[in-house]
Amino acid sequence: MWSRPIRRLLRPVRLMAFTLLVAAWPLRAQLAPVGATLECPATAEPKQQPRVALVLAGPYAGQLSGRLTLTFVPNAAIPSDDASLQFSTGGRTAPLTLAAGSTRAEFSLQTGTVAGAIRINATLEAAGVDVTPVAAVACTITMARRVPAVTEVGIGYTATGFNLSVTGYSTPRQVTEARFRFLPRPEYNWAPIEIVIPAETIAGKFSDWYRSSASAQFGSQFTLLQPFRVDQNLHTVGSVYVSLRNQEGLSAEQSASFP
Amino acid sequence: MRRASSLSALLGCLLALQASQSQPVAKLNIVIVEGQGAVNNIRQRTAREPVVQIQDANRRPVAGAAVTFILPSAGPSGVFPNGSSVVTTVTDENGQAAALGLRPNNMPGEFQIRVTAAYRGQTASASISQTNVGTPARAISGKLITVLALAGGAAVGGALVAGRSAGGAGSDGKVARPVITPGTPEVGSPR
């Protein structure tokens, strides 16, 4: 009734099992960028805003996302992290997005006041897949130890003379000497009076501050409160010039006029 | 009876003492005990520490008087341990006060240490003459660098004043030099 070929098709079918292997790694290889680098200045000064750029070697077909992460290794006489050091957007991580076809994204960060090495790393994702190149995408900014900086000098009269409040920072987190030079008001004529507070007196005070837990949030910033007793002719003091010293040398002078 | 009289005598003494303490001091005298005419060795960085006694009009020692020693800010001079050219101290129960730790600077020559004393509204002043001799040591220690820097700063200061006087702007200005003494510094969070 059935022709021979048809009967051959109607024979009982033998069932056989097969395993289909699908490798995942070629997918990641397909999504990996050709290459990416982080560009940043080799050095930076305290309280600056250096720029950091993520640069792709070539345009990428899809959108890239990821994040930059900032770490800090202090190089100070009394080491400490510096909470002021962070990305301009706040915090020590910054999200990044690169539109399809674009090859550059820029960021800025806020340096602190402690000497040390600032390292920035980048991670990249495409469609939720990590496509960070095998070679680390990173750069390092070095903040060198510098002489102290005096940013402000305040004067307050007291019952026995006056107090000077000296605000500043010292990137090695160390101050070894304070120098005060007093000049007369214009209507008076006496030689400048120079007073040096030596290391034996002042270095320990700064060390105590820099070792305190309270100082960590301020990096190397401080306010030095120096009282002075004046036994006579206080009214003739017109101005004061203040400078501070650390192992790197003497700071520039900052002046204030007596009210 | 005897006990009552001795108590009365003690009370009298106490009242007399109280009266003497509350009475203003008529006049102060400064007696130079040590340091007058001293010769200081620059090379050895040693100086004769000046010692004075403050006396009242009756030549009795005055305890608790404020005594200030002032070194010249330029030329032959020295420095006190606080790094300053001025130091203030208080007389002891013998009425004596000393400028401890005085070190000469590296400039040879004679100089005057001005001494002022103040007690209950009364003041007195005197001068102590000393002389620096010798030449600075070749090996300059760190502490001596501080002294030299101070002397150098003072010299610059003198030049500034001289320049101002030469310019005429402040040549007729009053001197009225203040006596400034640093206290103990404190360091804390930035303001």
Check: Going through the distances and angles, do A:Thr113 and A:Asp82 end up as a side chain to side chain contact (heavy atoms under 4.5 Å, CB included)?
Finding: CA-CA 7 Å; A:Thr113 57; A:Asp82 188 348; 3.6 Å; yes
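For a residue to count as touching a neighbouring chain, one of its non-hydrogen atoms must lie under 4.5 Å from one of that chain's; by this rule A:Phe218 touches chain B with the side chain only. Using a 4.5 Å cut-off between heavy atoms, A:Val230 touches chain B through backbone and side chain atoms alike. Within the 4.5 angstrom heavy-atom criterion, only side-chain atoms of A:Phe162, from C-beta onward, approach chain B. In this structure, no portion of A:Ser215 lies under 4.5 Å from any heavy atom of chain B. When heavy atoms are compared at a cutoff of 4.5 Å, A:Phe182 approaches chain B solely by way of its side chain, counted from C-beta outward.
Taking the six-membered ring for Trp, A:Tyr241 and A:Phe180 have ring centres at least 6.0 Å apart. Aromatic ring centres of A:Tyr188 and A:His235: separated by under 6.0 Å.
Checked options B:Val62, B:Asn94, B:Val115; the residue passing with B:Ile54 is B:Val62 (criterion: side-chain contact (heavy atoms from CB on, under 4.5 Å)).
The choice from A:Gln221, A:Gln217, A:Gln226 that makes the most heavy-atom pairs within less than 4.5 Å of chain B is A:Gln226. Contact tally against chain B (heavy-atom pairs below 4.5 Å) for A:Phe228, A:Tyr210, A:Tyr169: the top residue is A:Phe228.
Side-chain N or O atoms of B:Asn132 include none that pairs as donor or acceptor with a backbone N or O of B:Gly109 at under 3.5 Å.
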